[in-house]
**Q** 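Have a look at the structure that comes next, please.
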Amino acid sequence: MSLLQPVFQLLIFRISRAELLRFDRRHFWVGLLGTWIVGMGRYWDDPGAHLLQHLGLGSVIYIFGLSLLIWLVILPFQVEKWTYFRVLTFVSLTSFPAVFYAIPVERFMSVELAAAVNAWFLAIVAAWRLALLFFFLRRFSQLRWWYIVVGALLPVCAIIAALTALNLERAVFDIMGGIRDATSNDRAYGVLVFLTFSSALLFIPLVIGYVVAIFQRRRRLRRTSLENQVES
């Protein structure tokens with residue numbers, strides 16, 4: 001129970017920075033196992049999924065890439081004890097809310113209702129994960145709110161914009177999760193258009209804000225360092 005308790009506390013936004021720093025390889029393996037199981041569950045009844053998706057390996061590969069992107073984005077802010085492994089452990093543990101995707105609502109609901117439920121699952125899980133990312137960055141990095149907004153949204157918008165530019169419509173929804181049924185394509189396409197349009201609008205302002213934030217952060221750290229030297 002001591003191993004799973006901090007995982008549960010993270011998922012309900014009740015974990016402290018000290019507890020986050022205590023995450024180790026055991027928590028990573030729990031997150032990796034959860035990512036693998038949820039990844040298989042997401043596509044177990046999808047005949048159009050690829051072999052890697054059926055095996056859950058697509059989700060496993062994805063968390064390594066996303067973690068690398070988040071780690072690199074925050075790295076210039078010079079956050080104390082900021083490591084790729086800690087980010088990877090966090091991202092792996094956020095896979096658990098995606099268990100909603102494995103619920104076969106198509107089996108006991110009408111096609112139209114199942115499409116609506118899957119759309120709600122998509123919205124809930126995506127919002128939950130994004131909120132966890134905001135919480136993690138705020139609690140761990142202890143940066144100001146502007147750095148958190150840029151650091152959280154820039155990787156997400158970059159992934160959506162890049163995949164859309166490559167015309168990988170299915171890949172976008174493999175990442176965001178869920179609407180797998182061909183009969184729900186209209187609803188899925190509407191959500192995709194909204195995500196793509198929003199990401200395209202936000203991407204350039206986020207990049208500009210990110211560059212400004214880096215300079216502000218470095219200037220603040222330099223000033224703090226000088227003040228400490230004067231006091232000593």
Side-chain angles (χ1 to χ4, degrees), residues 3-35 59-98 126-162 175 199 202-203 205-229 232:
L3 179 63
L4 297 180
Q5 184 175 358
V7 177
F8 178 72
Q9 290 176 329
L10 170 64
L11 295 177
I12 62 172
F13 309 91
R14 296 294 299 274
I15 196 169
S16 66
R17 187 177 193 273
E19 291 169 321
L20 288 172
L21 288 172
R22 285 196 288 268
F23 277 166
D24 54 29
R25 295 185 182 275
R26 298 173 304 159
H27 300 93
F28 166 69
W29 286 113
V30 169
L32 189 65
L33 179 63
T35 301
S59 297
V60 171
I61 294 171
Y62 166 67
I63 66 170
F64 282 88
L66 177 61
S67 301
L68 179 61
L69 184 57
I70 295 173
W71 176 70
L72 289 174
V73 167
I74 301 299
L75 189 61
F77 295 140
Q78 302 180 39
V79 175
E80 184 180 3
K81 298 182 179 180
W82 180 255
T83 66
Y84 174 70
F85 176 75
R86 288 195 171 100
V87 179
L88 177 60
T89 301
F90 160 74
V91 172
S92 69
L93 293 174
T94 63
S95 64
F96 290 105
W128 191 350
R129 284 174 159 177
L130 186 59
L132 283 171
L133 179 56
F134 273 94
F135 171 80
F136 172 73
L137 293 179
R138 181 70 182 97
R139 183 59 52 89
F140 189 94
S141 70
Q142 298 179 334
L143 294 169
R144 296 189 174 186
W145 70 269
W146 174 245
Y147 302 141
I148 302 301
V149 170
V150 173
L153 293 183
L154 185 58
V156 175
C157 291
I159 289 175
I160 295 176
I175 287 178
S199 299
L202 289 174
F203 186 70
L206 284 173
V207 170
I208 296 174
Y210 177 63
V211 174
V212 173
I214 290 175
F215 281 105
Q216 288 181 342
R217 173 68 173 174
R218 291 185 175 180
R219 184 173 56 186
R220 184 172 290 107
L221 291 175
R222 192 182 306 114
R223 185 170 60 247
T224 302
S225 177
L226 291 174
E227 291 174 353
N228 292 336
Q229 290 178 5
S232 61

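Positions are given from 1, in the same order as the sequence printed here.
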**Q** Is there a donor-acceptor pair under 3.5 Å between the side chain of S67 and the backbone N or O of F64?
**A** no
**Q** Measure the shortest side-chain to side-chain distance between P6 and H27 over non-hydrogen atoms and say whether it is less than 4.5 angstrom.
**A** yes
**Q** Looking at R217 and P76, would you say the former's side chain and the latter's main chain have a donor-acceptor pair under 3.5 Å?
**A** no
**Q** Suppose we screen for ring pair (Phe, Tyr, Trp, His ring centres under 6.0 Å). Which residues come up paired with F85, at least two apart in sequence or across chains?
**A** F28
**Q** Would you compute the distance between atom CH2 of W82 and atom CZ of F77 and round it to the nearest 0.5 angstrom?
**A** 10.5 Å
**Q** Quick one: pull up OG1 in T89 and CG in L10 and give me the separation to the nearest 0.5 Å.
**A** 10.5 Å
**Q** Can you tell me how far CD of Q216 sits from OH of Y147, rounded to the nearest 0.5 angstrom?
**A** 5.0 Å
**Q** Would you mind reporting whether F23 and L93 have side-chain heavy atoms less than 4.5 Å apart?
**A** yes
**Q** Locate the shortest heavy-atom distance separating F134 from V149; write the atom from each residue and the value.
**A** CE2-CA, 3.7 Å
**Q** Would you say the side-chain atoms of Y210 pair up with the backbone N or O of V73, donor to acceptor, closer than 3.5 Å?
**A** yes
**Q** For L21 and R86, what are the C-alpha separation, side-chain angles and deciding distance, and is it a side-chain contact (heavy atoms from CB on, under 4.5 Å)?
**A** CA-CA 8 Å; L21 288 172; R86 288 195 171 100; 3.7 Å; yes
**Q** I'd like to know whether CH2 of W29 has more than 12 heavy-atom contacts from other residues, nucleotides or ligands below 6.0 angstrom.
**A** no
**Q** Does some side-chain heavy atom of F8 sit less than 4.5 Å from a side-chain heavy atom of I15?
**A** no
**Q** Answer yes or no: does atom CZ of R14 have more than 12 heavy-atom neighbours from other residues, nucleotides or ligands under 6.0 Å?
**A** no
**Q** Restricting to non-hydrogen atoms, name the atom on S95 and the atom on G31 that form the minimum distance, rounded to 0.1 Å.
**A** OG-O, 3.8 Å
**Q** Is there a donor-acceptor pair under 3.5 Å between the side chain of R138 and the backbone N or O of I148?
**A** no
**Q** Check the pair F96 / V30 against side-chain contact (heavy atoms from CB on, under 4.5 Å), numbers first and verdict last.
**A** CA-CA 10 Å; F96 290 105; V30 169; 4.0 Å; yes
**Q** Please check this pair: side chain of W128 against backbone of L11, looking for a donor-acceptor N/O pair closer than 3.5 Å.
**A** yes
**Q** Looking only at non-hydrogen atoms, find the nearest pair between C157 and L206 and report the distance.
**A** SG-CD1, 3.8 Å
**Q** Atom CG of L132 and atom CZ of R139: how far apart are they, to the nearest 0.5 Å?
**A** 12.0 Å
**Q** Within the supplied structure, the quantity of interest is the number of heavy atoms (other residues, nucleotides, ligands) at a distance under 6.0 Å from R220 CZ; does it exceed 12?
**A** yes
**Q** Taking atom CG of L137 and atom CD1 of I70, what is their separation to the nearest 0.5 Å?
**A** 7.0 Å
**Q** Between CD1 of I63 and CG of L32, what distance do you get to the nearest 0.5 Å?
**A** 5.5 Å
**Q** Check this for me: Y84, atom OH, are more than 12 non-hydrogen atoms of other residues, nucleotides or ligands nearer than 6.0 Å?
**A** yes
**Q** Using atom types as modelled and distance alone, determine if a side-chain donor or acceptor of T35 lies under 3.5 Å from a backbone N or O of S92.
**A** yes
